[in-house]
Enquirer: 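This is the structure I have questions about; it appears just below.
Throughout, protein chains are lettered first and strands after them, A, B, ... in sequence-line order, and every chain is numbered starting at 1.
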Amino acid sequence: MSLNPDEWLWGWDPTPGIVSVWAESDGRAIVWRRIGATGALIREDDRFRPWLLLDRLDDLRHLGTELAPEGAASRVTWRELDGPGALRFLVSAADGKALAAAVLQGASRRLDREIRHLRDLGDEAVLSLAPEEQYLVASGRTYFRDLAFDQLHRLQFDLETTGLDPERARMFMVAVGHPSGATEVLEATGRGDEAEADLIRRLAAVVAAADPDVIENHNLHGFDLPFLDRRARKLGVRLVLGRIPHLGLRQRAARRGVAGDGDSRRRIRFLVPGRELIDTLDAVRQYDFSARELPGHGLKAVARHLGLAKADRELVPGHLIYQVYRDDPDRIRRYATADVEEVAGLARVLGGAAFALATMAPRRYERLADAGPATGVIDPLLVRAYLRAGAALPAHQPGDGTVHSGAALHLFATGVAHRVVKADVASLYPSLMRAYRIGPARDRLGALLALVDRLVERRLAAKASARAAPPGSAERYTHEAMSAAMKLVVNSAYGYMAAGGGLTRFADVHAANEVTRRGREMLDFMCRALAARGVTLLEADTDGVYFAVPDIWTETDERRVVAEVGALLPPLVQLEFEGRYAAMLSHEPKNYALLGIDGKLVLRGVAFRSSRAEPFGEAFLRRAIGRLLRGDIQGVRDAYLDAVSMLRRREYSTHDVSSRVRLTKSPAAYQASRAIRRELSYEALLSAGRTRWRVGEKVRIYRTRTGSGLVDEQDQAPDRRDYDVDHYGRVLRANFAVRLIRALSPDDFGVVFADPDQPSLFTPAFDAMHPVLNALPSPGVYRTIDHAQRG
DNA sequence: TTGTCGCGGGG
DNA sequence: GTGTACGCGACAA
């Protein structure tokens, strides 16, 4: 019995160095521990008493004298927990399967229908965790105590295959990154079944010999493991990647998994006993969720972006890999080796947060790496806290129909503003929860707020420790990762309450609405307080405001105003000076361009960035907006005239005018619909002589006078430049120049983007033109975005 | 135009 | 035995 929030956050058992746990429902648990000092691995066989939470004991009464209160030597024992929660009977037995069977037998009798699985009793009647989680919750143990990330033994492997579909394609190469950092390449020695089977056996042998705690790759769960599993089964090879020799790949249900065989609606991921299977794609997604800076989530793009890619990194388009291998195998060996090296780096740079989470939450490391923070981290923490406190848990409860209201979004002005400042509240929602003590109504222990309080405080400490450690040191890295993990959990506390459809145990739409209501109130207050100090409000969204300041202000004045307004906010709510910009083009809500003091131009929102946009148009837009924000209207006109002229003289390459499209129809499907409606993309393929393509493939197409053409990025086909100049002239004006319409008066806009061939009666005085800023009438500026509840 | 749905990745 | 959100593109109405 403990009401100590530190135990809620970290568990209580001090056992160090746990790197993997495998538990069975018969009460056996195997724990692998890494001794930090020596690097030695220890396997310990432990026992635990499998347990369940029930809303009633009725279903076990049929056991008679075999059911008794805790402390008795009965086969099944129970204890009633305190408080009003529905899940109040903690029952346990030496064997979990027998316990579940006894409950099912009783429930079937009571309900007069056959209950086959505990889940059929519903969330409101039973809580049953995976055996490992039962073990961790009951023991108070967690992974990785007193262990640093770099003390883990991590191995990476990456398959090279002849295609993506394991029904037809084969593996011909596996690159392996060893825990030592060394790499090796395994290759099939021929093209047949036996060569591929041998390759799989050699991979398993390499893994067994290296005996890593963790296996990593990019899209490991989405590609490599399912592919390996399918090939091994097709070839009749027993695939053992775990630490228990007779146990092969197992499966677990996972929303973000691949379709399992049999029921294709079932999504699964693979797991193996004794090792944690980590997919760096999960870490990338989690990272980009808050950072929102990655160009894509593919390995190569992310590695380059994070500075992990070597300058001479070998690159080969996916569909050419096997083809290139046959001509130049060394090139593919270098390519695959670079893949595992980058994965190892990526896992280290981005995987630290999940590693840190595993020192807190009672779940396996690999589960914490792919779980969402609300149901995946906070819920297990709360379950452990309640059981530790001896308190009954509330059951999941469907919402009462109350709609969840969202954040505020105000657009105050459109057009061009100079001397722009962005101020925002750090971690607005958790701050409001703490400041106004807003937590789930049914959380009678106040555990969620206690966890948020602890996490915020510990995070400040972790940030300070990180700053104190030498840059680049393992110690600094550990503290930074801990800080990132804590931020993740803190920021999802609000989402946990707002989750609809009975998704989370303590979901509370009223509490969530109170948080957003306070947030809107806070944003309104900040805007008014700033406006009262003489700034021009531009846009405010959720937790931050862009505003322009008078020309005579210095940065000190800007910071002073932000500090003044910040001082008016409640304690724990901190307004931060986030940045200052030379100018801003405000186009629509969430669509704007910022010119940094350093001259860097940032475009945000759908109006300014689209993957379909033709490169020539994007280039024009960047140049024109750069000129515009510097007040150079002549420069905007020049950008337009240059673009028109380059089009007419066909100085843009075919690639410059092409746009990227995704093919959604197979060749057969298009042939079937072609008579009814012709589509540009497929016509481009056909006219280029391509009759075969794959659904989902992305190609670049462009318009010609008579039809369309294909830009083949791989083959470097001749740059034909036979594009339709008039069409792209219209595109330039209608799709790109129009993004500047808010920046100029209608007359000026007409003049700046006038057709160069239409002579005007007078010489336009571009020097006399100025960008405009239009304040929006106040009733129209206010919008509340409703995040509709999903059920 | 507006609403809905599905994707993001891997060879 | 699971569960992000968001921005974007494709498609249907």
Side-chain angles (χ1 to χ4, degrees), chain A residues 117-120 123 128-130 133 158-166 168-173 217-228 251-258 260 263 265-269 279-282 284-286 288-290 292 294-302 316-325 332 335-336 339 343 367 370-379 396 488 491-492 494-496 498-504 507 590-591 604-606 609-613 659-665 679 681 694-696 698 785 787-788 790-791:
Chain A
H117 301 284
L118 286 175
R119 62 178 174 277
D120 295 336
D123 284 340
S128 163
L129 301 181
E133 293 176 15
D158 184 52
L159 308 189
E160 301 306 327
T161 67
T162 59
L164 290 169
D165 178 5
R168 300 192 306 244
R170 289 186 188 279
M171 345 174 353
F172 63 89
M173 180 188 286
N217 196 19
H218 204 67
N219 206 16
L220 177 70
H221 286 289
F223 179 72
D224 298 79
L225 286 173
F227 197 102
L228 198 48
Q251 302 180 355
R252 66 178 162 90
R255 183 71 157 196
R256 288 217 49 82
V258 292
D263 183 2
R265 296 177 58 83
R266 217 179 91 103
R267 319 277 301 174
I268 57 116
R269 281 190 173 202
D279 192 332
T280 47
L281 181 57
D282 292 324
V284 165
R285 287 185 175 139
Q286 186 197 68
D288 203 35
F289 178 62
S290 55
R292 286 181 320 186
L294 297 176
H297 292 173
L299 175 64
K300 285 81 179 166
V302 176
V316 183
H319 72 279
L320 296 178
I321 283 178
Y322 186 53
Q323 199 178 308
V324 171
Y325 175 71
I332 301 303
Y335 168 85
D339 272 8
V343 164
R367 291 288 292 112
D370 78 343
T375 50
V377 182
I378 293 183
D379 216 50
H396 284 73
L488 192 80
N491 286 340
S492 58
Y494 155 77
Y496 179 92
L503 220 59
T504 55
K590 293 176 185 277
N591 282 270
R604 293 240 171 85
V606 277
R609 355 179 11 158
S610 158
S611 69
R612 274 201 74 153
S659 64
R660 203 173 70 135
V661 295
R662 185 171 175 271
L663 303 174
T664 55
K665 289 180 179 165
E679 295 175 59
S681 317
R694 190 174 49 79
V695 171
K698 287 167 187 138
I785 305 302
H787 298 283
R790 301 170 70 91

Enquirer: So what does A/Y335 hit on the nucleic acid, given a heavy-atom distance under 4.0 Å: a base, only sugar-phosphate, or nothing?
Expert: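 Answer is sugar-phosphate: A/Y335 comes under 4.0 Å of backbone atoms only.
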
Enquirer: Measure CD/A/Q286 against C1'/C/dT4 and give the value in whole Å, please.
Expert: 10 Å

Enquirer: How far, in whole Å, is C/dT4 from B/dC7 if one measures between their P atoms?
Expert: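 Taking atom P in both B/dC7 and C/dT4, they lie 15 Å apart.
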
Enquirer: For the residue pair A/G296 and A/V302, what are the closest heavy atoms and their distance?
Expert: O-CG2, 3.4 Å

Enquirer: To the nearest Å, how far apart are A/R285 CZ and C/dC6 P?
Expert: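 These atoms are roughly 16 Å apart.
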
Enquirer: Take the protein atom CG of A/D123 and the nucleotide atom P of C/dG1, then report the distance between them rounded to whole Å.
Expert: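 Spelled out: CG on A/D123 to P on C/dG1 is 14 Å.
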
Enquirer: Compare all side-chain heavy atoms of A/I268 with those of A/R252 and state whether any distance is below 4.5 angstrom.
Expert: no

Enquirer: In terms of side-chain heavy atoms of A/T375, which of B/dG10, B/dG11, C/dG3 is nearest?
Expert: C/dG3

Enquirer: Could you tell me the separation between the NE2 atom of A/H221 and the CZ atom of A/R269, rounded to the nearest 0.5 Å?
Expert: 5.0 Å

Enquirer: Can you tell me how far P of C/dT2 sits from CD of A/Q251, to the nearest Å?
Expert: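 From A/Q251 CD to C/dT2 P: 14 Å.
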
Enquirer: Which nucleotide in the list B/dG9, C/dG3, B/dG10 gets nearest to the side chain of A/F223?
Expert: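 Ranking B/dG9, C/dG3, B/dG10 by closest atom to the A/F223 side chain puts B/dG10 first.
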
Enquirer: At less than 4.0 Å, is any side-chain N or O atom of A/Y496 found next to OP1 or OP2 of C/dT4? Yes or no.
Expert: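 Negative; the distance criterion is not met.
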
Enquirer: Taking B/dG11 as the reference, what is the distance to C/dG7 when you measure between their P atoms (whole Å, please)?
Expert: 28 Å

Enquirer: In whole angstrom, what separates A/H218's NE2 from B/dG11's P?
Expert: 9 Å

Enquirer: Would you mind classifying the nucleic acid contact of A/D158 as base, sugar-phosphate or nothing, using non-hydrogen atoms under 4.0 angstrom?
Expert: sugar-phosphate

Enquirer: Below 4.0 angstrom from OP1 or OP2 of C/dG3, is there any side-chain N or O of A/R367?
Expert: yes

Enquirer: What distance, rounded to whole Å, do you find between the two C1' atoms, one in C/dA5 and one in B/dG8?
Expert: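 Rounded to whole Å, the distance is 12 Å.
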
Enquirer: Check every strand shown and say whether A/D339 touches a base, only sugar-phosphate, or nothing at a heavy-atom separation below 4.0 Å.
Expert: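 Since only primed, P, OP1 and OP2 atoms lie under 4.0 Å of A/D339, the category is sugar-phosphate.
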
Enquirer: Of the listed nucleotides (B/dG11, C/dG3, B/dG9), which one gets closest to any side-chain atom of A/L281?
Expert: B/dG9

Enquirer: Can you tell me how far C1' of B/dG11 sits from CZ of A/R170, to the nearest Å?
Expert: 15 Å

Enquirer: Separation of A/E133 atom CD from C/dG1 atom P, in whole Å?
Expert: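 Value for this atom pair: 11 Å.
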
Enquirer: Without hydrogens or angle criteria, can the side chains of A/D288 and A/H297 be said to hold a donor-acceptor pair below 3.5 Å?
Expert: yes

Enquirer: When the ring planes of A/Y325 and A/Y322 are compared, do they come out parallel, tilted or perpendicular, using 30° and 60° as the limits?
Expert: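 Rings of A/Y325 and A/Y322: parallel, under 30°.
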
Enquirer: Return the value, rounded to whole Å, for the distance between atom CZ of A/R119 and atom C1' of C/dG3.
Expert: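 In whole Å, C/dG3 C1' lies 16 Å from A/R119 CZ.
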
Enquirer: At 4.0 Å (heavy atoms only), tell me whether A/L159 reaches a base, stays on the sugar-phosphate, or touches nothing.
Expert: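 Answer is sugar-phosphate: A/L159 comes under 4.0 Å of backbone atoms only.
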
